[in-house]
Every structure is written in structure tokens, then in C-alpha cells.
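This report concerns only the one structure given below.
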Amino acid sequence: MPRALKVFRTPIGFHDAYVAAPTKKAALEAWGSTHDLFARGIAEIVTDPALTEEPLATPGKVIKRSRGTTAEQIAALPTVERPDRAASGDEDEPQRSTSAKAKAKTPAKPKVRPKPPPPRPSPDTLEAAEAELEAAGRLHDDDTRTLAREQAALDRRRRDLERVQAAERTKLQEAVDSADTAYAAALKRWRAARAGDGDGDGD
């Protein structure tokens, strides 16, 4: 019994790559990845019908969908700070105040990166339970077929036994009928003999 298809997703650039496959291993092969993206938390199972419809229609084919608009993608790019301009040698340029110079020399505070999200829960237990259920289903099917064969054999034995018993009852009934006919004839002759003896005694 083939395993049911699942839809998996992983980010590729500004796109999300979807693929319908029976296992995570098959999904990784479809993406061309040699690393376990699921263990790293950058690949996942998708259950939203709006997202799974197209991949399920073409199993094994990678479906790419853009994440956000072009403007949103550009805005997500890292900001590159421009270096300070070199001091101008023009004598007419007004002198900057001491506070302004100090502010310019103050290094920018490093951006605090957000903590990475915790890894996704492992679906290994779920997949193991599904595999056990599938194996049990195969065993149950085998048991059902075996029971059906045994039942068919019992039905044949019952029909054979019924034919033997019917033939035996017919033979015995014929013997009863024959004995009954013989008994009736003998009883008739006996009564006739007794009636004849009675007539002789009267003379």
C-alpha cells in the first residue's frame, strides 16, 4: 500500500519551494539538498489546503512561490552604511562644532540580532507511529485473507458432509420403508391365518 503524499516547504532565496513527496528524504532529493534541512529547522510540513493543492497535483515537482512583493524583498535586504566623507580642504567650509565632531566620531551601536527561534519539534515519533500503523494494516489484511481461505475450506467440508448425511438418511429411510411394508404384509397374513383357525374351531 503506497504511502500518502505530504507537502513540504523550504525557503530558497526570495521564494518558498514546495514539493509533494511521501517522505522527507524524497523531498530533500527533489530540492537537490544533501543536508537534513528538517533537522536544521529550515524545512517543514505544510497542511494549508490553499498551499498544498498545486504541489499535490504534480507530485515530485518543485513549486516555487515568491515570498512578498518586490518592494518587500528589497526592504528586507541589509542596509549598507555609507562611509563618512573625507574632510574638505575648502577654507570657506564652516567649522563643525565640538559636539558635532564628537557625535561623528562616536561609533554606531551594533544591531542586536534577535535570538533564533527554537527548533521545530521532531516528527520522528509521528512517522514511526504511522509506519507501525501501515505495517499493522498489512498484517491485518493477511489475517483476513487467511481466515477467508479457512472459511472457504470449512464451507466445502460442510457441503461434503451434508451430501454424505443426506445419502445415508435416504438409504436408512428406504430400509425403514421396506421393513414397514414387509411387517404390514406379515401382519396381514397372520390375521388371516388366525381368522381361518377360528372358523375351523366353530365346525
Side-chain angles (χ1 to χ4, degrees), residues 1-10 17-39 41 43-63 119-203:
M1 184 168 56
R3 297 189 66 175
L5 292 175
K6 300 177 183 178
V7 176
F8 304 93
R9 172 177 63 191
T10 189
Y18 296 79
V19 66
T23 62
K24 292 179 180 180
K25 180 180 179 182
L28 293 172
E29 291 176 353
W31 290 327
S33 175
T34 58
H35 302 288
D36 190 350
L37 304 180
F38 295 95
E44 60 184 353
I45 297 176
V46 180
T47 58
D48 187 344
L51 300 176
T52 60
E53 181 178 2
E54 185 177 359
L56 288 174
T58 55
K61 180 180 178 181
V62 178
I63 305 297
R120 290 178 60 85
S122 173
D124 293 342
T125 302
L126 172 60
E127 292 183 348
E130 290 176 342
E132 290 181 2
L133 176 61
E134 185 177 348
R138 290 192 295 268
L139 291 176
H140 295 171
D141 292 341
D142 292 341
D143 291 341
T144 301
R145 286 190 292 268
T146 300
L147 182 60
R149 289 192 296 268
E150 292 176 353
Q151 183 62 50
L154 288 174
D155 291 340
R156 288 192 298 271
R157 289 182 59 189
R158 178 178 55 81
R159 289 191 295 268
D160 293 342
L161 180 61
E162 288 176 349
R163 283 194 295 269
V164 171
Q165 291 175 342
E168 185 177 6
R169 283 195 300 269
T170 299
K171 184 177 180 180
L172 292 174
Q173 186 62 48
E174 290 175 351
V176 169
D177 293 342
S178 177
D180 181 62
T181 301
Y183 173 72
L187 184 60
K188 184 178 180 180
R189 289 193 298 272
W190 176 76
R191 288 175 177 171
R194 286 192 63 186
D197 293 341
D199 290 343
D201 293 340
D203 295 338

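Just so you know, these numbers come straight off a predicted model, no measurement behind them. These numbers come from the heavy atoms of this one structure, side chains and all, not from hydrogens, waters or symmetry mates.
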| After noting the C-alpha distance and the side-chain angles of R159 and L161, does the key distance pass the side chain to side chain contact (heavy atoms under 4.5 Å, CB included) rule? | CA-CA 5 Å; R159 289 191 295 268; L161 180 61; over 6 Å; no
| Distance-only, no hydrogens or angles: does the T23 side chain make a donor-acceptor pair with backbone N or O of A26 under 3.5 Å? |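 Side chain of T23 to backbone of A26, a donor-acceptor pair under 3.5 Å: yes, one is there.
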| Taking S178 for the side chain and E174 for the main chain, is one N or O donor matched with an acceptor at less than 3.5 Å? |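 It does not hold such a pair.
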Provide the closest heavy-atom pair for [X] versus [Y] in the form atom of the first, atom of the second, distance.
| X | Y | result |
| --- | --- | --- |
| V19 | A30 | CG2-CB, 3.7 Å |
| W31 | A43 | CZ3-CB, 3.9 Å |
| A21 | A27 | CB-N, 3.8 Å |

Rounded to the nearest 0.5 Å, how far does [atom2] of [Y] lie from [atom1] of [X]?
| X | Y | atom1 | atom2 | answer |
| --- | --- | --- | --- | --- |
| I63 | T52 | CD1 | OG1 | 12.0 Å |
| R156 | Q151 | CZ | CD | 10.5 Å |
| D160 | D155 | CG | CG | 11.0 Å |
| R157 | E162 | CZ | CD | 13.0 Å |

Flag side-chain contact, heavy atom, 4.5 Å: [X] against [Y]:
| X | Y | result |
| --- | --- | --- |
| P22 | L5 | yes |
| L37 | L28 | yes |
| P123 | K24 | yes |

| request: Please lay out, stage by stage, how V7 and L51 fare under the test side chain to side chain contact (heavy atoms under 4.5 Å, CB included). | output: CA-CA 9 Å; V7 176; L51 300 176; over 6 Å; no
| Any chance CZ of R158 has more than 12 other-residue heavy atoms, nucleotides or ligands included, within less than 6.0 Å? |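 Enclosed: over 12 neighbouring heavy atoms sit under 6.0 Å from CZ of R158.
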| query | So does Q165 have more than 12 non-hydrogen atoms from other groups sitting under 6.0 Å from CD? | reply |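 Counting neighbours around CD of Q165, more than 12 heavy atoms of other residues, nucleotides or ligands fall under 6.0 Å, so yes.
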| Worked verdict on Y18 versus V46 for side chain to side chain contact (heavy atoms under 4.5 Å, CB included) | CA-CA 9 Å; Y18 296 79; V46 180; 4.1 Å; yes
